[in-house]
Amino acid sequence: MGTTIIVGGFFGDEGKGKIVAHVAFADKPAIIARGGIGPNAGHTIEVGGRKFGVRMIPSGFIYPDARLLIGAGVLVDPRVLLSEAGALKVIDRVGVDYRCAIIETKHIETDKQDPYLSQTIGSTGTGCGPAAADRAKRTTTQAREVAELSPFLTDTAAEVNEALEAAKNVILEGSQGFGISLFYGTFPYVTSKDTTASQIAADVGVGPTRITETIVVFKTFPTRVGAGPFETQMSEDEAKKLDIEEFGTVTGRQRRIGWWDPTMAKYSAMINGATQVAITGLDKLDPSVKGANQYDELSTKVKTFLREAETAVGVPFTLLSTGPELKEIVDLREEKLEHA
Ligand code: GTP
Ligand code: IMP
Ligand code: MG
């Protein structure tokens with residue numbers, strides 16, 4: 001299996017957390033490493049009726065046997081990291097690259113107070129944009145200078161590459177989604193960095209020759225939080241009628257909801273270099289499939305959707321999520337992929 005990158009294909013909140021957790025239990029990686037921007041992310045994992053939300057710790061934490069690393073490219077808020085590591089009881093497994101840039105109180109204040117960031121863009125107020133700007137100005141603190149982080153400091157890139165050298169599996173976890181990439185998204189209504197698979201690999205320090213699989217995660221009804229164009233957005237009434245409303249993990253804001261967008265999905269899969277697609281929310285398309293684990297249990301409506309979507313995107317749909325719970329998924333990877 002080698003290195004599997006998991007990234008968001010729409011505007012974030014596609015359900016990467018759940019997909020990472022599933023792939024972790026299935027593939028038993030030695031390391032799950034987080035790329036992406038920083039604590040603006042909110043990944044949700046639901047297991048056995050318990051719901052976890054993580055912003056800094058990789059969402060694969062639920063799989064107990066992996067090191068949980070944060071790549072050098074990621075912005076670290078030490079308060080968020082320490083509180084999550086403590087609450088989830090994973091302190092002994094967490095490593096932070098010593099080169100990570102640090103989010104300070106002043107970054108959070110600017111993010112919340114600057115009208116352009118907080119209102120025009122609708123940022124998450126977590127300090128990521130201002131910290132990324134300071135990092136580009138080369139004025140940020142690095143993780144190695146923060147006393148509270150000293151027990152966690154590591155060379156994430158070296159750990160990951162050594163694990164790959166030893167033929168172990170590694171998952172690289174992205175955050176946010178293609179539509180809010182600083183490079184490829186709906187500028188200026190975007191986050192403060194690229195969000196595509198190549199960026200996630202760079203964040204963690206893995207070269208392009210070492211990536212085995214790139215899984216792009218889509219949801220049946222894309223969502224967007226914050227300002228910016230959303231071509232397939234539906235009205236609040238329509239979303240209410242379909243009973244598919246959603247609220248943000250980090251900010252609690254109501255997510256704007258849209259119809260499946262095959263054109264965006266295809267473009268996103270292309271730039272991410274997707275080798276597989278994971279799709280979440282099949283139960284939102286047809287509640288009768290909730291909890292299904294076998295392809296045969298899916299309804300005609302869902303199968304037709306999958307066939308058309310797969311044809312439009314041109315990449316195998318291998319992971320079919322049928323509910324928020326970890327076990328609510330159909331995993332077709334063995335069937336659909338030929339591994340050397
Ligand atoms: P970011 O990194 O912040 O972009 O988040 P994310 O991609 O990890 O997604 P997030 O957890 O913010 O949002 C996804 C939501 O959908 C969560 O509430 C999940 O529990 C839920 N979810 C995931 N898969 C499914 C599914 O198949 N069906 C339903 N109904 N909900 C799902
Ligand atoms: P920032 O990343 O906090 O600067 O926010 C910039 C834009 O990206 C805003 O529209 C946010 O709502 C959006 N955004 C940032 N992180 C996430 C996420 O994890 N999920 C969805 N949208 C996000
Ligand atoms: Mg989220």
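In each ligand, atom 1 is the first atom listed, and ligand 1 is the first ligand listed. Index from 1, following the sequence.
- Between T322, T44, L285, it is T44 that holds the heavy atom closest to atom 19 (C) of ligand 1.
- Counting only distance, with no hydrogens or angles, the side chain of N272 and the backbone of A274 share no donor-acceptor pair below 3.5 Å.
- For the Mg ion (ligand 3), the count of nearby protein N/O/S atoms, taking only those under 2.8 Å, is 2.
- For ligand 2, the atoms lying closer than 4.0 Å to a non-hydrogen atom of G226 are 10 (O), 12 (O).
- Annotation: atom 16 (O) of ligand 1 to nearest protein heavy atom, E246 OE1, 4.7 Å.
- The shortest contact between atom 2 (O) of ligand 2 and any protein heavy atom is with T191 OG1, 2.6 Å.
- With ligand atoms numbered from 1 in the order given, ligand 2 contributes 8 (O), 13 (C), 14 (N), 22 (N), 23 (C) to contacts under 4.0 Å with heavy atoms of I180.
- When non-hydrogen atoms are compared, ligand 1 lies under 4.0 Å from the side chain of K284 (C-beta onward) but not from its backbone.
- Under 4.0 Å from ligand 2, heavy atoms of S123 appear from its side chain as well as its backbone.
- Of all the heavy atoms of E325, none lies under 4.0 Å from any atom of ligand 1, so neither backbone nor side chain is involved.
- Among protein heavy atoms, atom 20 (O) of ligand 1 sits closest to E46 OE2, 3.3 Å.
- Judged by the shortest distance from any of its heavy atoms, G122 lies inside the 4.0 Å radius around the atoms of ligand 2.
- The nearest heavy-atom contact from the protein to atom 28 (N) of ligand 1 is D283 OD1, 2.7 Å.
- Within the hydrophobic cluster formed by Ile, Leu, Val, Met, Phe, Trp and Tyr side chains joined at under 4.5 Å, directly or through other members, I37 is accompanied by L75, I103, I108.
- When non-hydrogen atoms are compared, ligand 2 lies under 4.0 Å from the backbone of F11 (N, CA, C, O) but not from its side chain.
- Only the backbone of V190 comes within 4.0 Å of ligand 2, judged by heavy-atom distances.
- Of all the heavy atoms of R253, the ones lying under 4.0 Å from any atom of ligand 2 belong exclusively to the side chain.
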